[in-house]
Undergrad: 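Sharing a structure, written as structure tokens. Questions coming.
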Amino acid sequence: MASQYAEAFARAFESRSGTVSFAATREETSAALRGVARERRASLVAVAGIPAAVRETVIGALDGIEVIDVDRLGGALPKEAIAKADLSVTWAAHGVAREGVLMEATWDDAAKLASCLPLTNVVLVSGERFLPDFASAMREAGKMVAESPAPKPTISFIGGSSRTADIEGRLLYGVHGPHSVVALVLEWA
Amino acid sequence: MTDRGKLAEKVRRALATDGLSDKMWASTSRSRGNRARAVQELGIDVGAMKESVRGLKARAMSDPDLPRKFAEKVEGNGGHVFFAKDGAEAIDYVAGLAKAHGAEVLAKSKSLTSEEIDFDHALEARGVRCVETDLGELIVQMAHERPVHLVMPAAHKSVADVASLVSQSLGKEVPEDPDAILKEVRAYLRPVFLSAKVGVTGANAGIAETGTVVIETNEGNGRLVSAAPDVHVVLIGTEKIVNSWEDAAEVVSAAALSATGQLTTVYVSAFTARSPMGGRSAGRELHVVILDNGRSKMKADGRYAGALDCIRCGACMNVCPTYSVVGGHTFGHIYPGPIGIPWTANVHGVDNAAFSDLCISCGLCKEACPADIDIPMMIAEVKQELVDLHGQPRANRFFAGSETLARLASATAPLSNWSLKPRAARLAMEKVFGVDRRRTLPAFSRRRLRSRLRGVDGGDGSSGKVVYFPDVYADYNDPELGVKAVKMLAALGYEVKVPKLKWSGMPYISYGEVRKAAKVAAYNVKALAGYVQDGYEVVSTEPTAAYMLRDAYLTLAPGEGSRLVAAHSHPFFEFVEPGLGRLNLAPSRGAGAELGFHIPCHDRALTGGGPAVRFLTAAGYKVDIVETGTCCGMGGTFGMKSGTMGYDLSNAVGERLFDLFRGSRCGLACTESSVCAAQIHDGTGLQVLHPLHLVDFSKR
Ligand code: SF4
Ligand code: SF4
């Protein structure tokens, strides 16, 4: 059962051109991820920042598709590798109800690039991690940064796909970053 | 050619450039509309937002140590900080970094602070190429131009222009299709992001409590520029540093809402230290360049310190009538638009701020500004500096003294009125005083208001006591309007006094005679404060006068007196509205007649036109608010001046409103402002009347 905040988030995120799905179980999560990968004809998927309790489900869902495990790329050339991916699966620390944004916290810029570079970004967020508004999310982010030992996390709020209105005011998507962003709310995690 | 002559020539060229005004107007209208829609749909309390932004800025500005505190935190997190006293120092520092890292190309995301110091050209002169990655910035870089707007740098370019620029720059044919252009740009920039050794961003805020830098983008280029290269350089002005994450949240929300009507931009990034890349920390560096470049001087100058509160949302540009038809290459030096005037005067020198002549003192920028910056008053100060340096042009002198002129013309009426008509006389007036011969000028009344009021019932005072402030128009030109106002106030039970006062003095502000405006304000405040202390309220039928009393006098004559006067001053219809139930109202032009109603700029901040519209509706009119969202273009007496820097520019703005009037079914127009009435009449041929001239009333 989605919380009031999660539902408000979904409405706001979709009004910003994002897509939202809810998954009540691990199975639904796998199915949703497989569905996006199939629909986007993904052949290379970058996975970054997924907590251990969810990771297995994600990797399992992508069985048969080549996966770049960004967190374990090590000293190779991670940005070039990530840039080749056509889909990414990343994690948000929180969803923000009123503004319809996801709050991502990363400790390595390779993980940040995973939500920046591929054309489609699926962001997983726990159904229990919703905050009412941007002001409270910034407070939370400030606390996280202040209390975190070095290296401090980088916080990114993501409100849908990369866009511009720089050509005659026409709204165009995917200028640099993802053309589409899917928020997958995990009601079980 | 004088600087003023050059400005007029630039305006002439801008107005003659095919499609420029239309593109600028379309862009600013869209932004105005998006913001207005968001405010309404989301129920945003704009007043509370302004107060909050002002408060956080005041807290930040009151702590001279804040930049140092911020710097210490950045360094504590492993970052490097460089305090640059000016652009040259900042550029030297970044050029040194580029050299040390062997960077021949810098990936840049939008930074107005870098524009301020001409960063790209300076770096290029040292053999380092800067690639702008924000699409709008990239377009103007390809065109070798400057941004035309703070938020929409390429608002003056059409799809065809952009396709042609991208084709030329990339050496391949790109079709005139926005999606195709975007695909090419994405493909062009991707290797830049991935291969640049150094990335440069600006900052929307620096958070002192944790040493965090916040940047907002919609395109996501800021995230890429700050993450992909090993070295990230942040160029931040001292004024962007705030105390806390809460304060930064306010800045982000207010900027996004005011710029584009969004609750936040698509991406808001906050980085506190350099993150490793794939586990590698070696070579990953964060450098924060904190730029002063005149900001300390600005902070110490009471006239301009408020400009440092700017959060660069561009809303002042979107509402500015003249900016909206000439664009930021004419209405701007490096910083464009209204706020560009005080910023230019302070960081690039007052002579570069001569485009302040394009401000027609409508006051809309102040109303739109989320930081509530008194931009019009700062512009008046810049104009005063220019007048002190270079003198006052003849036409400005003539109009700045319009009260004296009105007194003279009234005393010599009807002769003076006759001289307003013949072609030869108008030609002579144009030549000698710079009054455009095409402009219909209001006739003068031989008998002024106070003389007309002899024998008129001054009210029994059962509802209270009122000072009626007629200003120039209801005193010298249309005293009948003043008589009606006094009669209505008396009918509502007020005891009405019309004491001898000076005019409101607005033209002094418009023409950069701030010291004279301050004298007028001091005189009127002294006189009116006495009445207020005796229990009088102050009421005016002229929106500009009400605006001066309520707002501008607070700055011109600071102190308890002006605060008292402001608190007890009212636009006419706002004041009478609660008592209208005691009057019989009837339309003097026939029941059900359709009126096209124009809201004067100075009334937008006060009542938004609502009380006058309700008054007309209650009298039986069908009222259609005819609205572009900005000024009619008259700008007080600006549109009476001859030539480009007067009538022509005024009409270029007005044309949009005239079209709406022509497209409406209204056979009659109505506005509370005497000068808006002249503009709409001249532009449409419609008869334009004050609401009081359209309604008959009697006591119930
Ligand atoms: S007062 Fe009006 S004309 Fe002047 S800069 Fe502000 S918006 Fe533009
Ligand atoms: S002056 Fe005000 S409205 Fe203009 S850009 Fe700055 S914050 Fe925005």
Side-chain angles (χ1 to χ4, degrees), chain A residues 12 16 70 73-81 83 96 98-101 106-113 115-117 134-143 145-146 148 150-170 172-178, chain B residues 23 26-27 30 77-78 133-136 139 152-155 157-159 162 178-179 181-182 185-186 189-190 193-194 207 209-210 212 218-221 223-224 227-228 244-246 248-250 252-253 260 262-273 275-281 284:
Chain A
R16 307 181 72 139
V70 174
L73 269 174
L77 289 172
K79 53 188 179 184
E80 284 75 6
V96 183
R98 180 169 177 263
E99 287 79 5
V101 292
T106 52
W107 279 261
D108 189 305
D109 276 343
K112 182 170 156 189
L113 289 180
S115 62
C116 292
L117 289 169
F134 184 65
S136 57
M138 281 287 276
R139 263 197 303 280
E140 190 61 34
K143 227 167 82 189
V145 167
S148 172
K152 302 280 186 186
T154 291
I155 306 294
S156 304
F157 292 94
I158 300 170
S161 42
S162 150
R163 75 196 59 174
T164 183
D166 275 337
I167 306 177
E168 286 191 3
R170 301 183 203 189
L172 305 167
Y173 295 102
V175 53
H176 304 294
Chain B
K23 278 177 273 191
S27 169
R30 204 166 30 241
N77 295 323
T133 59
D134 170 87
L135 178 60
I139 294 167
M152 295 161 293
K157 298 286 184 205
S158 64
V159 177
V162 178
D179 287 310
I181 295 170
L182 203 68
V185 168
R186 187 178 164 108
L189 287 176
R190 191 45 78 92
F193 289 124
L194 294 176
I207 304 175
E209 65 178 347
T210 50
T212 303
N218 281 312
E219 296 183 5
N221 56 321
R223 297 187 80 210
L224 285 163
S244 64
W245 282 74
E246 281 88 343
E250 275 297 337
V252 166
S253 302
T260 50
Q262 292 168 287
L263 283 175
T264 64
T265 47
V266 175
Y267 300 105
V268 180
S269 305
F271 32 83
T272 307
S275 296
M277 174 66 76
R280 173 178 59 83
S281 296
R284 302 280 296 168

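The sequence lines fix the lettering, A, B, ..., with proteins before strands; numbering per chain opens at 1. Owing to the predicted nature of the structure, the values given are computational and were not obtained by experimental measurement.
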Undergrad: Can you confirm whether H176(A) sits close enough to F193(B) that some side-chain heavy atom of one is under 4.5 Å from a side-chain heavy atom of the other?
TA: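 With C-beta onward as the side chain, the pair touches.
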
Undergrad: Just wondering, do F271(B) and T212(B) contact through their side chains at under 4.5 Å, heavy atoms?
TA: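 The answer is no, as the side chains (C-beta and beyond) never meet within the 4.5 Å cut-off.
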
Undergrad: Do you know which of S136(A), A135(A), S161(A), A137(A) has the most heavy-atom pairs under 4.5 Å to chain B?
TA: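 Greatest number of close heavy-atom pairs with chain B: S161(A).
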
Undergrad: Sort E219(B) into side chain, backbone, both or neither according to what part of it lies under 4.5 angstrom from a heavy atom of chain A.
TA: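 Answer is both: backbone and side chain atoms of E219(B) are under 4.5 Å from chain A.
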
Undergrad: Counting only non-hydrogen atoms closer than 4.5 Å, does A83(A) touch chain B with its backbone (N, CA, C, O), its side chain (CB onward), both, or neither?
TA: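 For A83(A), the contact with chain B is made by backbone and side chain together.
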
Undergrad: R223(B) versus S115(A): any side-chain heavy-atom pair under 4.5 Å?
TA: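 In short, these two side chains touch, coming nearer than 4.5 Å.
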
Undergrad: I need the residue from E246(B), M152(B), R284(B) with the largest number of non-hydrogen atom pairs under 4.5 Å to chain A.
TA: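 Answer, by heavy-atom pair count under 4.5 Å with chain A: E246(B).
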
Undergrad: If you count heavy-atom pairs under 4.5 Å between each of T264(B), L263(B), T272(B) and chain A, which one has the most?
TA: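 Looking at each of T264(B), L263(B), T272(B) in turn, T264(B) comes out on top.
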
Undergrad: Among A273(B), A248(B), S158(B), single out the residue with the greatest number of heavy-atom pairs under 4.5 Å to chain A.
TA: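 The candidate making the most pairs under 4.5 Å is S158(B).
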
Undergrad: Who wins among E99(A), K143(A), K152(A), K112(A) for the most heavy-atom pairs under 4.5 Å with chain B?
TA: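 The residue among E99(A), K143(A), K152(A), K112(A) with the greatest pair count is K112(A).
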
Undergrad: Which answer fits T210(B), side chain, backbone, both or neither, if we ask what part of it has an atom under 4.5 Å from a heavy atom of chain A?
TA: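 For T210(B), the side chain is the part near chain A, not the backbone.
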
Undergrad: What part of V162(B) lies closer than 4.5 angstrom to a heavy atom of chain A: side chain, backbone, both or neither?
TA: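 For V162(B), the side chain is the part near chain A, not the backbone.
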
Undergrad: Hey, does V175(A) have a side-chain heavy atom less than 4.5 Å from the side chain of D166(A)?
TA: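 No; the side chains remain at least 4.5 Å from each other.
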
Undergrad: Please rank I167(A), V70(A), V96(A), T106(A) by heavy-atom pairs under 4.5 Å with chain B and give me the top one.
TA: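 With the most close heavy-atom pairs to chain B, the winner is I167(A).
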
Undergrad: Using heavy-atom distances under 4.5 Å, tell me whether A155(B) contacts chain A through its side chain, its backbone, both, or neither.
TA: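 For A155(B), there is no contact with chain A at all, as no heavy atom is under 4.5 Å.
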
Undergrad: So for R16(A), is it side chain, backbone, both, or neither that comes closer than 4.5 Å to the heavy atoms of chain B?
TA: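 The side chain, not the backbone.
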
Undergrad: N77(B) versus chain A, heavy atoms under 4.5 Å apart: side chain, backbone, both or neither?
TA: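 The answer is the side chain of N77(B).
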
Undergrad: For R30(B), which residues count as a salt bridge (Lys or Arg N to Asp or Glu O under 4.0 Å) partner, sequence neighbours excluded?
TA: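 Here no residue qualifies.
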
Undergrad: Between L194(B) and chain A, which part of the residue has a heavy atom less than 4.5 Å away: side chain, backbone, both or neither?
TA: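 Looking at L194(B), backbone and side chain both touch chain A.
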
Undergrad: If the threshold is 4.0 Å, N to carboxylate O, is there a salt bridge linking D109(A) and K79(A)?
TA: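 No, D109(A) and K79(A) are not salt-bridged.
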
Undergrad: Side chain, backbone, both or neither: which part of L113(A) has a heavy atom under 4.5 Å from chain B?
TA: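 Contact with chain B is through the side chain of L113(A) alone.
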
Undergrad: With chain A as the partner, which of A227(B), A228(B), S244(B), G279(B) has the greatest number of non-hydrogen pairs under 4.5 Å?
TA: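 Of the candidates given, the most pairs with chain A belong to A227(B).
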
Undergrad: Determine the minimum heavy-atom distance between V266(B) and G160(A), stating which atoms define it.
TA: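 Closest approach of V266(B) to G160(A), heavy atoms only: CG1-O, 3.6 Å.
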
Undergrad: Pick one of side chain, backbone, both or neither for A12(A), based on which atoms fall under 4.5 Å of a heavy atom in chain B.
TA: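 Contact with chain B involves no heavy atom of A12(A) at all.
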
Undergrad: If we only count heavy atoms from C-beta on, is the I155(A) to W245(B) side-chain gap below 4.5 Å?
TA: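 They are in contact (side-chain heavy atoms under 4.5 Å apart), so the answer is yes.
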
Undergrad: With a 4.5 Å limit on heavy-atom distance, are the side chains of L117(A) and L224(B) in contact?
TA: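 Contact flag for L117(A)/L224(B) side chains = yes.
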
Undergrad: Counting heavy-atom pairs under 4.5 Å with chain A, which one of S281(B), P178(B), G220(B), S269(B) comes out on top?
TA: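 Top option by heavy-atom pairs under 4.5 Å: P178(B).
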
Undergrad: So, F157(A) versus Y267(B), ring centres under 6.0 angstrom or not?
TA: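 Ring-ring flag for F157(A)/Y267(B): false, centres at least 6.0 Å apart.
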
Undergrad: Sort V101(A) into side chain, backbone, both or neither according to what part of it lies under 4.5 angstrom from a heavy atom of chain B.
TA: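 The side chain, not the backbone.
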
Undergrad: In terms of heavy-atom pairs under 4.5 Å with chain A, which of T265(B), V252(B), T260(B), L182(B) leads?
TA: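 Looking at each option in turn, the highest pair count goes to L182(B).
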
Undergrad: Just so I know, are the side chains of S148(A) and W107(A) near enough to count as touching, which here means a heavy-atom distance under 4.5 Å?
TA: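 S148(A) reaches W107(A) side chain to side chain.
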
Undergrad: Heavy-atom distance under 4.5 Å between the side chains of I181(B) and V159(B), does that happen here?
TA: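 Touching, per the 4.5 Å side-chain cut-off.
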
